[in-house]
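First up is the structure itself, then whatever we jot down about it.
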Amino acid sequence: LHHNAKLGKGTIQSISYMANINPALEGIVTPYYFFNRNDPKENLFESIRTDEFSELPSRFKAFYVFDDYQLAEKALGEWFSNNNKEIEECLLLPNCKTHRADTGWLNCKENQWEEYAQKYWDGKMSESPFPEILVEGSIYFPRWEEFNLIWQ
């Protein structure tokens with residue numbers, strides 16, 4: 001992320017956005033897709049999005065951001081505790097396609113997948129919401145010039 005933001009002078013585009021403006025890039029994928037492409041639950045969620053919510057960004061090709069610093073810290077601690085990830089402030093540039101969804105709906109049993117996918121894509125919040133924002137488009141990092149790169 002830091003490397004790509006440096007190359008873009010603070011701006012990076014989602015994979016889905018790049019594929020939309022250049023169909024030759026349709027086959028490019030995110031690391032999230034690479035590691036989850038065979039997950040039956042993720043594929044069902046994506047199928048429901050494609051069939052019923054096609055105007056929303058795909059979980060497979062979007063950026064994931066948070067609109068609250070505490071939520072970003074929670075995600076870092078729960079999902080990426082073994083990774084070397086940092087929280088960075090970003091701004092969504094005009095014309096981004098976004099969807100705010102509760103990640104709580106992803107924690108379900110197989111017999112709930114379809115029902116919970118509907119709630120996820122409808123943007124409904126659970127009793128203990130943990131919302132993420134999927135972004136298709138361009139993101140700007142105001143502190144991009146301060147990013148430290150190991151290979152500099």
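The figures that follow rest on heavy atoms only: side chains count, while hydrogens, waters and symmetry mates do not.
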key: Spacing of OG belonging to S58 relative to CD belonging to E46, to within rounding of 0.5 Å   = 3.5 Å

request  = Answer yes or no for R37 and F34: cation-pi contact, defined as NZ/CZ to six-membered ring centre under 6.0 Å and angle to ring axis within 45°.
outcome  = yes

key: F130 CZ to M125 CE distance, which is reported to the nearest 0.5 Å   = 12.0 Å

Heavy-atom donor-acceptor pair, D39 side chain to E42 backbone, under 3.5 Å = yes

query = Is L91 close to I139 at the side-chain level, that is, under 4.5 Å between some pair of heavy atoms?
reply = no

Nearest heavy-atom neighbours spanning P129 and D102 = CA-OD2, 3.3 Å

task = Test E88 against R143 for salt bridge (charged side-chain N to carboxylate O under 4.0 Å, His left out), laying out the working first.
result = CA-CA 8 Å; E88 297 291 349; R143 297 180 341 108; 3.2 Å; yes

inquiry  = Counting neighbours of CD on E78 that are heavy atoms of other residues, nucleotides or ligands and sit closer than 6.0 Å, is the number greater than 12?
reply    = yes

key: K85 to F80 six-membered ring, cation-pi geometry met (6.0 Å, 45°)   = yes

task = Compare every heavy atom of P57 with every heavy atom of A62, then report the nearest pair and how far apart it is.
result = CB-CB, 4.1 Å

Heavy-atom closest pair, residues T30 and F60 = OG1-O, 2.6 Å

inquiry  = Under a 3.5 Å distance rule, please check whether N36 uses its side chain to pair with a backbone N or O of Y32 as donor and acceptor.
reply    = yes

query = About how many Å separate CZ of R49 and CZ of F45, when rounded to the nearest 0.5 Å?
reply = 13.0 Å

inquiry  = For E52, I'd like to know if atom CD has over 12 heavy atoms of other residues, nucleotides or ligands within 6.0 Å.
reply    = yes

request  = Step by step, work out the side-chain contact (heavy atoms from CB on, under 4.5 Å) result for D51 and I48.
outcome  = CA-CA 5 Å; D51 293 346; I48 289 173; 5.9 Å; no

query = Rounded to the nearest 0.5 Å, how far does CG of N43 lie from OG1 of T50?
reply = 10.0 Å

inquiry  = Could you work out, with side chain to side chain donor-acceptor pair (under 3.5 Å) as the rule, every residue matching S14, not counting sequence neighbours?
reply    = S16

Criterion side-chain contact (heavy atoms from CB on, under 4.5 Å) on T11 and F141, from CA distance to verdict = CA-CA 6 Å; T11 303; F141 294 88; over 6 Å; no

query = Is the shortest heavy-atom distance from the side chain of P131 to the side chain of L71 under 4.5 Å?
reply = yes

request  = May I ask you to check whether Y64 and W79 place their ring centres under 6.0 Å from each other?
outcome  = no

inquiry  = Taking the six-membered ring for Trp, are W105 and Y120 closer than 6.0 Å centroid to centroid?
reply    = no

task = Look only at the side chain of N4 and the backbone of I12, and say whether a donor-acceptor pair between them is shorter than 3.5 Å.
result = no

message = Within the structure provided, determine whether L44 and K41 are in side-chain contact (heavy-atom separation under 4.5 Å).
response = no

inquiry  = For the backbone of A101 and the side chain of K124, can you confirm whether one donor and one acceptor N or O come within less than 3.5 Å of each other?
reply    = no

inquiry  = Any non-hydrogen side-chain atom of D67 less than 4.5 Å from a side-chain atom of I133?
reply    = yes

request  = Using distance alone, with no hydrogens and no angle criterion, decide if N20 and E26 have a side-chain donor and acceptor under 3.5 Å apart.
outcome  = no

note = Heavy-atom closest pair (E132 atom, L106 atom, distance to 0.1 Å) is OE2-CD1, 4.4 Å

inquiry  = Within a 6.0 Å radius of atom NZ on K74, are there more than 12 heavy atoms belonging to other residues, nucleotides or ligands?
reply    = yes

message = For N83, is the CG atom crowded, meaning more than 12 foreign heavy atoms sit under 6.0 Å from it?
response = yes

request  = Taking the side chain as every heavy atom from C-beta outward, state whether R100 and T98 have any pair of such atoms under 4.5 Å apart.
outcome  = no

task = Consider only side-chain N and O atoms of R59 and Y33, and report whether a donor and an acceptor are under 3.5 Å apart.
result = no

remark   = OH of Y140 to CG of L93, rounded to nearest 0.5 Å, is 9.0 Å

query = What are the two closest non-hydrogen atoms of F147 and A5, and how far apart are they?
reply = CE1-CB, 3.7 Å

ask   = With the threshold set at 4.0 Å, does a side-chain nitrogen-carboxylate oxygen contact exist between E55 and K97?
value = no

message = Before we go on, tell me: are the rings of H99 and W121 under 6.0 Å apart, centre to centre?
response = yes

ask   = Just checking, any donor-acceptor pair under 3.5 angstrom between side chains of Q13 and Y17?
value = no

message = If we ignore hydrogens and angles and just use 3.5 Å, is the side chain of S126 paired with the main-chain N or O of G104 as donor and acceptor?
response = no

inquiry  = One pair to check against side-chain contact (heavy atoms from CB on, under 4.5 Å): M18 and I15. What are the steps and the verdict?
reply    = CA-CA 5 Å; M18 289 188 285; I15 296 292; 3.6 Å; yes

remark   = Output for pair (Q112 CD, K119 NZ), nearest 0.5 Å, gives 8.5 Å

message = Please give me the minimum heavy-atom distance between F63 and G137, naming the atom from each residue.
response = CE1-O, 3.8 Å

Partners passing side chain to side chain donor-acceptor pair (under 3.5 Å) against S47 (at least two apart in sequence or in another chain) = none

